[in-house]
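For reference, positions follow the sequence shown, starting with 1.
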Amino acid sequence: MPLILERGEDVDKRTEAVKNFWRTGKLNPQCNVQFGEGGAGTFSDGKLTTLIRDLRCRKVLEEMVEAGAPEEIIYSHKPHVGTDILRTVVKNIRQKIEGLGGEVRFGARVTGLEINSNRVMGVIVNDSDRIPAEAVILAIGHSARDTFQMLYDLGTKLTPKAFSMGVRIEHPQQLIDLAQYKQFAGHPRLGPAEYKLSYHSPSGRSAYTFCMCPGGVVVAAASEEGAVVTNGMSEHARNEANANSALLVSVTPGDFPSKHPLAGVDFQRKWEQRAFQLGGGTYQAPAQLVGDF
Ligand SMILES: Cc1cc2nc3c(=O)[nH]c(=O)nc-3n(C[C@H](O)[C@H](O)[C@H](O)COP(=O)(O)OP(=O)(O)OC[C@H]3O[C@@H](n4cnc5c(N)ncnc54)[C@H](O)[C@@H]3O)c2cc1C
């Protein structure tokens, strides 16, 4: 039977921790917008974006509908759930896993792997508890930097990869509606408008918008102390006043400060910590007008 070890808390306790962070700036490094039941997806916009073509994509959508997501995600070209509904979906999926005999343990951070003769024998949880295991799947996302370090220290082969980084750009939703729909802007059947922009420079570097959130909000999404990370999310109704989007530039291992496999993490930390200082050290993101930029 599968055992899921999750460093953060269940979705209800997690929602409290996230709300507390947004209200007071007190970050819980184990339970936040990245960590906890449902992973980074729980507080996401819930745009079900995938660039893969796989028969199992439909199965995933069907499971989500069974767990409470709107049925339209099965046929919609750009399916969107919204963070308010996702929280229920995530909980229902966990209860289904438990009903089928699986087990989920919260507050259980994997801090080590027991390896003998090149074979995994077990995992160490919270630095002390040993759980025997012959097969371990690490589905740890992109923010578990301490776990990447643990794997590096164990001698696991790690390879640096290219990624993108940037800022969030925000506009009044009405402005985007007008630009995209022209005279039809505001028509109730159209919904809030989206956009996608990209530029490929001859140097090979690209700048582009990504993860656009119509009628959404920019949120503080840090999981590490002393660093600012932003992301965008919306509720199912997408009825907030502003549209926001990530505005990104691609970076490659050649931009990183060294050839160390985790140099990309150092690169991210540098900019996140600078943003923290510029924002006044409170996890508020520094902000400026596009014209000033
Ligand atoms: C605010 C926000 C909005 C987003 N909007 C969208 C969107 O609209 N559409 C989209 O496609 N993507 C969106 N994303 C990105 C998307 O959420 C992630 O790409 C996705 O969640 C990655 O999935 P994953 O399973 O790889 O990792 P994660 O979702 O990060 O899950 C990893 C899990 O592992 C746990 N974990 C890590 N280390 C350990 C450890 N050592 N021991 C135990 N547990 C551990 C974490 O707590 C976490 O629950 C958004 C992200 C955020 C934060």
Step by step, would you call Asn244 with Arg168 a side chain to side chain donor-acceptor pair (under 3.5 Å)?
-> CA-CA 7 Å; Asn244 75 78; Arg168 280 265 154 193; 2.7 Å; yes
Polar contact flag, side-chain donor to acceptor under 3.5 angstrom, Asp153-Gln149 = yes
For Val89 and Gly68, which heavy atoms make the closest approach, and how far apart are they?
-> CG2-C, 3.9 Å
Centres of the Tyr208 and Tyr199 rings: under 6.0 Å?
-> no
Look at atom CD1 of Ile137 and say whether more than 12 heavy atoms of other residues, nucleotides or ligands are closer to it than 6.0 Å.
-> no
Taking all non-hydrogen atoms of both residues into account, name the closest pair between Met150 and Val110 and its distance.
-> CE-O, 4.1 Å
What closest approach, in Å, do Ala243 and Ile176 show between heavy atoms, and which atom pair accounts for it?
-> CB-CG1, 3.9 Å
Check step by step if side-chain contact (heavy atoms from CB on, under 4.5 Å) holds for Tyr283 and Lys26.
-> CA-CA 9 Å; Tyr283 294 99; Lys26 283 198 187 101; over 6 Å; no
Hits for ring-ring contact (aromatic ring centres under 6.0 Å, His included) against Phe106, two or more places apart or cross-chain, chain-then-number order -> none
Going by heavy atoms in the side chains, are Arg269 and Arg145 under 4.5 Å from each other?
-> yes
Tell me, do Val125 and Ile131 make a side-chain contact under 4.5 Å, heavy atoms counted?
-> yes
Before giving the answer on salt bridge (charged side-chain N to carboxylate O under 4.0 Å, His left out), spell out for Glu194 and Lys78 the whole-Å C-alpha distance, their side-chain angles and the decisive distance to 0.1 Å.
-> CA-CA 11 Å; Glu194 300 174 36; Lys78 289 188 176 172; 3.4 Å; yes
Quick one: ring-ring contact (aromatic ring centres under 6.0 Å, His included) pairs with a partner in residues 156-184, sequence neighbours left out?
-> Phe163-Phe256
Hey, which of Glu37, Met64, Gln95 is the one that makes side chain to side chain contact (heavy atoms under 4.5 Å, CB included) with Val90?
-> Glu37
Within a reach of under 6.0 Å around CD of Gln30, are more than 12 heavy atoms found that belong to other residues, nucleotides or ligands?
-> yes
What pair of heavy atoms forms the shortest contact from Ala222 to Leu27, and how long is it?
-> O-CD1, 3.4 Å
ring-ring contact (aromatic ring centres under 6.0 Å, His included) against Tyr195, all qualifying residues, sequence neighbours excluded = none
Salt bridge (charged side-chain N to carboxylate O under 4.0 Å, His left out) against Arg7, all qualifying residues, sequence neighbours excluded = Asp146
Between Gln173 and Gly215, what is the shortest heavy-atom contact and its length?
-> OE1-N, 2.9 Å
Do Thr209 and Leu248 have side-chain heavy atoms sitting under 4.5 Å apart?
-> no
When you look at Ser245 and Glu170, which way does the side-chain contact (heavy atoms from CB on, under 4.5 Å) test go after all the steps?
-> CA-CA 7 Å; Ser245 177; Glu170 204 173 27; over 6 Å; no
Does a side-chain heavy-atom distance below 4.5 Å link Lys91 with Asp12?
-> yes
Intermediate values then yes/no, side chain to side chain donor-acceptor pair (under 3.5 Å), Arg14 and Asn32 | CA-CA 7 Å; Arg14 185 179 175 201; Asn32 45 56; 5.6 Å; no
Pairwise side-chain contact, Arg109 with Glu6, heavy-atom cut-off 4.5 Å (strictly under) | no
Kindly list each side-chain donor-acceptor pair under 3.5 angstrom involving residues 285-293, sequence neighbours excluded, with atom names and distances?
none

Mind checking whether His80 and Asp45 have side chains closer than 4.5 Å, heavy atoms only?
-> yes
Run the numbers on Gln174 and Asn242 for side-chain contact (heavy atoms from CB on, under 4.5 Å), then give the verdict.
-> CA-CA 8 Å; Gln174 278 180 345; Asn242 288 332; over 6 Å; no
Taking the side chain from Glu240 and the backbone from Gly216, do they hold a donor-acceptor pair closer than 3.5 Å?
-> no
Is there side-chain contact between Ile74 and Glu62, with at least one heavy-atom pair below 4.5 Å?
-> yes
Relative to the ring of Trp22, is the ring of Phe43 parallel (under 30°), tilted (30 to 60°) or perpendicular (over 60°)?
-> perpendicular
What's the verdict on side-chain contact (heavy atoms from CB on, under 4.5 Å) for Asp177 and Leu190, showing C-alpha distance, side-chain angles and the deciding distance?
-> CA-CA 9 Å; Asp177 290 349; Leu190 284 175; over 6 Å; no
Just do the salt bridge (charged side-chain N to carboxylate O under 4.0 Å, His left out) check on Arg205 and Asp255 with the steps written out, would you?
-> CA-CA 11 Å; Arg205 214 183 274 277; Asp255 297 305; 2.9 Å; yes
What's the shortest heavy-atom distance between Asn231 and Cys211, and which atoms?
-> OD1-SG, 4.3 Å
Go through the structure and list residues passing salt bridge (charged side-chain N to carboxylate O under 4.0 Å, His left out) with Glu114, not counting sequence neighbours.
-> Arg130
Taking atom types as modelled and ignoring hydrogens, do the side chains of Thr83 and His236 form a donor-acceptor contact shorter than 3.5 angstrom?
-> no
Is it true that atom CD of Gln183 has more than 12 heavy atoms of other residues, nucleotides or ligands lying nearer than 6.0 Å?
-> yes
Do Phe35 and Ser143 have side-chain heavy atoms sitting under 4.5 Å apart?
-> yes
